[in-house]
Amino acid sequence: MERYYQKDIECADRASIQAIQDERLIKQVRHVWEKVPFYRHKMEEAGLTPSDIHSTADLHKLPFISKDDLKDQYPYGLLGKPLKECVRIQSTSGTTGKRVVAFYTQHDIDIWEECCARAIVAAGGTDEDVVQISYGYGLFTGGPGLNGGSHKVGSLTVPTSSGNTDRQIMFIMDLQSTILCCTPSYAAYLGERMKEMGYTPDQIPLKAGIFGAEAWSEEMRTDIEKTLGIKAYDIYGLTEISGPGVSFGCSAQNGMHINEDHFIAEVIDPETGEVLPDGEYGELVFTCIDKEAFPLIRYRTRDICYLTHEKCSCGRTHVRMSKPKGRTDDMLIIRGVNVFPSQIETVLMNNGYAANYQIIVDRVNNTDTLDVHVEMTPEMFTDNLGEIQERQNVLVDDLKSMLGLKAKVTLVAPKSIARSEGKAVRIIDKRKI
Amino acid sequence: MSIKQISVFLVNKPGTLKNMTGVLAAHDVDLRALSLAETKEYGIARLVADDTFHALNVLRDADFVASVNSVIAAEVPDEPGALDNLLQIFAEEDVNIEYMYSFVLSGEDKSAGMIFRVSDADTAEPKLRNKGLRILSQDDIAQI
């Protein structure tokens, strides 16, 4: 039976959700108009005052804010509360080269942790569970967010943080951890290591995993579920908006419910900024309607996904977002074709290769080259060179039909691609443009 | 009475074969035969060792992808036409040779050892034996 952390809100009817959003949006817009000069200035430029915003139907009138705005306003420019009322900062991993510092009041921490608690309960978590959190702790939101959520649920929380794989496995086995929280690539690595150590899925006490912070494919989910003997749930979030738990997967494993009492989601055409209907892929945009210290309005996430309001079998009524198929930043443009690493991953896993791969893009004689490095596995190896080449050719063909362009496939030695303990480094772009 | 051969995936770069022999040396593996098949980017090292199980374990522990397969090892006398005789048997029986390589059999008669991977070992082996050729067993290999 489906369990909920806050059933009344998670399963509220559409009209109630709408009413909460309208009320909170109006209040939030007034709040930032009064407290954050940056927003007042932006609204004035657009010819708006808070009295122009009557409900969520007016949301599209408000200007977007981008990661560049956050960079320009670093560190205090978007602060919505006096520092005296702030109790925490978190910061992005800085993989895109622009560090963002987000501020939290105690209220902000509470709602963030509540969102994470909803995700843990949706994954079957109770106060009987042992939740091992192998996301990094510190400035990264992964560890602290799930840690707080696990406390709220009342689970025994094991704050291993990331890294030290053999110790992670020791804790899983010795403390009989039942829920694992980490990045999907690290879950895959843990699974691989445990398999090597001789553990079969039925010997591994884990029953569920809550994985996020990077794009991953359905094939990778199936693979992780098989090796660890678990059900794998998605979790999505970003530091700018709060952290993990902005949305989360449920038993239906078909999209992630966005916590709509705190965040309003829109999907827009990244070129024109126009709001797109349900089911259409575009850039995800969030408005925080219940946050105090770092209240972002229409923040462009650069994540590409679509929304659906269709009824979900789990009983939750909050809108679902599809697994992001990549970030607009991760998207590679190769010979004019849009390529997402997740597409390449899908092809590899469909052909029986491991999720460990690297994409090397270069420019030779003014033509982009795409080289996919894949590790040889015992399953794919045979004593016959012709057969290995044949399998390699199948990969090249499948990549061609998935991406619409020809990629080179290079088979490399096992374990020669560095394993990640946090976010995997999938792309090496050597093009100098 | 085939023998066990280990096939190892190697990337075609300087030092990779040495990495493999380094692992074998460190674990006292005695090689009986070795051959390389390569493409531009990678290859397969095929080897016969005194103790197949031990060699396979140490290679896998060192993160090599390796598999075991069966091959025929025959003794070829040191005289003109000996190899031709042997190959005629395969030809007559319509058995295809996927690959072959030779190794040294110590002894007064200076015979060579020849390893064959063939399409149909079950047909080929008894025929070779009927023609009076010596087929080596795993024990023979261990005792070389």
Side-chain angles (χ1 to χ4, degrees), chain A residues 165-166 188-199 348 351-360 362 364 369-396 399 406-419, chain B residues 2-23 33-48 52 55-72 96-101 115-121:
Chain A
T165 304
D166 287 350
Y189 178 47
L190 274 174
E192 190 184 332
R193 184 84 190 103
M194 290 185 87
K195 194 173 163 189
E196 273 175 14
M197 291 167 77
Y199 291 113
L348 295 181
N351 281 287
Y353 289 90
N356 226 42
Y357 61 93
Q358 217 156 35
I359 300 163
I360 293 141
D362 205 347
V364 180
T369 59
L370 173 61
D371 188 356
V372 181
H373 282 200
V374 192
E375 286 183 357
M376 178 53 90
T377 63
E379 292 77 17
M380 300 312 293
F381 179 63
T382 105
D383 177 45
N384 185 324
L385 271 184
E387 224 166 285
I388 296 177
Q389 281 173 309
E390 193 50 47
R391 288 176 188 177
Q392 204 177 356
N393 290 340
V394 169
L395 268 188
V396 171
L399 284 170
K406 186 152 183 183
K408 181 172 184 265
V409 170
T410 303
L411 295 174
V412 300
K415 301 273 168 87
S416 61
I417 296 174
R419 293 312 197 255
Chain B
S2 53
I3 61 157
K4 299 293 180 207
Q5 165 197 267
I6 300 174
S7 302
V8 186
F9 177 80
L10 294 178
V11 171
N12 199 347
K13 272 194 212 153
T16 51
L17 182 61
K18 159 77 184 79
N19 287 345
M20 185 191 82
T21 53
V23 169
L34 172 68
S35 110
L36 291 175
E38 88 293 340
T39 67
K40 208 172 140 209
E41 291 172 355
Y42 53 84
I44 299 175
R46 299 181 175 117
L47 55 98
V48 175
T52 310
L56 184 67
N57 275 342
V58 300
L59 286 170
R60 285 185 175 164
D61 284 349
D63 291 332
F64 284 94
V65 168
S67 66
V68 175
N69 28 70
S70 298
V71 289
I72 298 174
N96 190 45
I97 298 169
E98 290 174 21
Y99 56 79
M100 56 184 274
Y101 54 101
I115 289 173
F116 294 95
R117 170 82 173 179
V118 296
S119 56
D120 185 356

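Sequence lines set the chain letters: A, B, ... in the order given, protein chains first and strands last, and positions in each chain run from 1.
For the residue pair A/P378 and B/V65, the shortest heavy atom distance occurs at CA-CG1, 3.8 Å. Minimum heavy-atom separation, B/V11 to A/A413: CG2-N, 3.4 Å. The two residues A/F381 and B/V8 make their nearest non-hydrogen contact at CZ-C, 3.8 Å.
By the ring pair (Phe, Tyr, Trp, His ring centres under 6.0 Å) test, B/F116 is found to be paired with B/F90, residues two or more places apart in sequence or in another chain being considered. By the side-chain contact (heavy atoms from CB on, under 4.5 Å) test, A/A188 pairs with A/M220, A/I224, sequence neighbours left out.
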Between chain B and chain A, which N and O donor-acceptor pairs fall under 3.5 Å? A table would be great.
residue, atom, partner, partner atom, Å
B/S7, OG, A/D383, OD1, 2.6
B/E41, OE2, A/K408, NZ, 2.8
B/Y42, OH, A/Q392, OE1, 2.6
B/R46, NE, A/D383, OD1, 2.7
B/R46, NH2, A/D383, O, 2.6
B/D63, OD1, A/K415, NZ, 3.4
B/Y99, OH, A/D383, OD2, 2.4

